[in-house]
Amino acid sequence: MAIAMVFSHAIPLTLSLAMCLSVAGAVNPGFVVRLTQKGLDYARQEGMSVLQKELAKVHIPDFSGSTHSPVGKIKYSFYGMAIRNFQLPSSQISPVPNVGLKLSISGAFIEISGKWRFKTRLHISFSGGFDVKVEGLSISVGLKVGSDGAGRPTIAPSDCSCHISNVDVHVSGRYGWLVDLFKHNVESALRKAIEGQICPLVKNAIATKLEPLLQTLPVTAKIDKVAAIDYSLTGPPPVTAAYVDVPLKGEFFELSHRTPPPFSPPSLSLPDDHNLMIYFGVSNYLFNTAGFVYHSAGKLIFSVTDDMVC
């Protein structure tokens, strides 16, 4: 992992802090975390496995209908369908300037198995099994990032679209050839059923998996018996086509009694670099608040005696 440290004074921070995207407000940050496209790609890899498990829960409803054939009118039904395989081989997450993030998935495919049954006008029934390959599934999801009152990140889907390029049904059974007469109807029904569920499942995964996880992220960390640091979000992240800058408070405070420091954070900006995965920028505000806290707690007071003087 490549990490750059940018100084207005700088210290190493954890990658988890970089995931705190966005909020409202206009307070200068004590430090800034820059996530570049490489950093977003790392986060995407961590999240795709969860999304794949959620999408594999697609429920394919039973459906039935009727059609005309050389042997007369046929009533058919397809039922007991289950997903055997669901793969998301290609995905990308990109910053959208002044908006948020865009998640794009392409080339996904689904394998489904199920049973079929049909009955002729003479009440003769036939049945068998079938397999379905859904190919060229593409999903696009817009993600709006924000923050709650405690400075924790929030995320919500702003838009979602889904498209399937091809649905191919392979029917087994002695009379499976009859199904080919209305194969188009079957494929069309399956396409509609799957496309209608993908976006609701994506939105549900964000609401029930990702959003609750973000709400558990801490916004303070204890340093020692005297002090802790506040790294809650201070303002909306500037988003460009190449990176997302995440402004965090970066303020030390005394555990026993929190008192606002008698000074404000200066403005802090990072150079326009985006070649590495992640960058950190830290202002002197962080160090000044640390000095203020430890001085107020009497930890920076030393007595010099004659014995200490050479």
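In this text the structure is predicted, and so the values were computed from the model without any measurement.
Using bins of under 30°, 30° to 60° and over 60° for the plane-to-plane angle, the ring pair F130/F78 lands in the perpendicular bin.
A heavy-atom distance below 4.5 Å is found between the side chains of I223 and Y294. Inter-residue side-chain proximity for E254 and T259 is flagged as unmet; no heavy-atom pair is nearer than 4.5 Å. Residues E54 and N204 form a side-chain contact, since some pair of their non-hydrogen atoms from C-beta on lies under 4.5 Å apart. Between T154 and L214 the shortest side-chain heavy-atom distance does not fall below 4.5 Å.
Using a 3.5 Å distance cut-off with no hydrogens or angles, the side chains of Y243 and D273 do not pair a donor with an acceptor. Between the side chains of D41 and Q45, no donor-acceptor pair is found at a separation under 3.5 Å.
The main-chain N or O of G151 is never found under 3.5 Å from a side-chain atom of S232 such that the two would form a donor-acceptor pair. Listed for the S188 side chain is no donor-acceptor partner under 3.5 Å among the backbone atoms of H184. Under a 3.5 Å cut-off, the side chain of T36 and the backbone N or O of M277 do form a donor-acceptor pair. The backbone N or O of G129 lies less than 3.5 Å from a partner atom in the side chain of W116, making a donor-acceptor pair. No donor-acceptor pair closer than 3.5 Å links the side chain of R34 to the backbone N or O of H274.
Heavy atoms of other residues, nucleotides or ligands lying less than 6.0 angstrom from NZ of K115 number 12 at most.
For the atom pair CE (M48) and CG (L103), the distance works out to 6.0 Å, reported to the nearest 0.5 Å.
Cys pair C199/C162: SG-SG separation is not below 2.5 Å.
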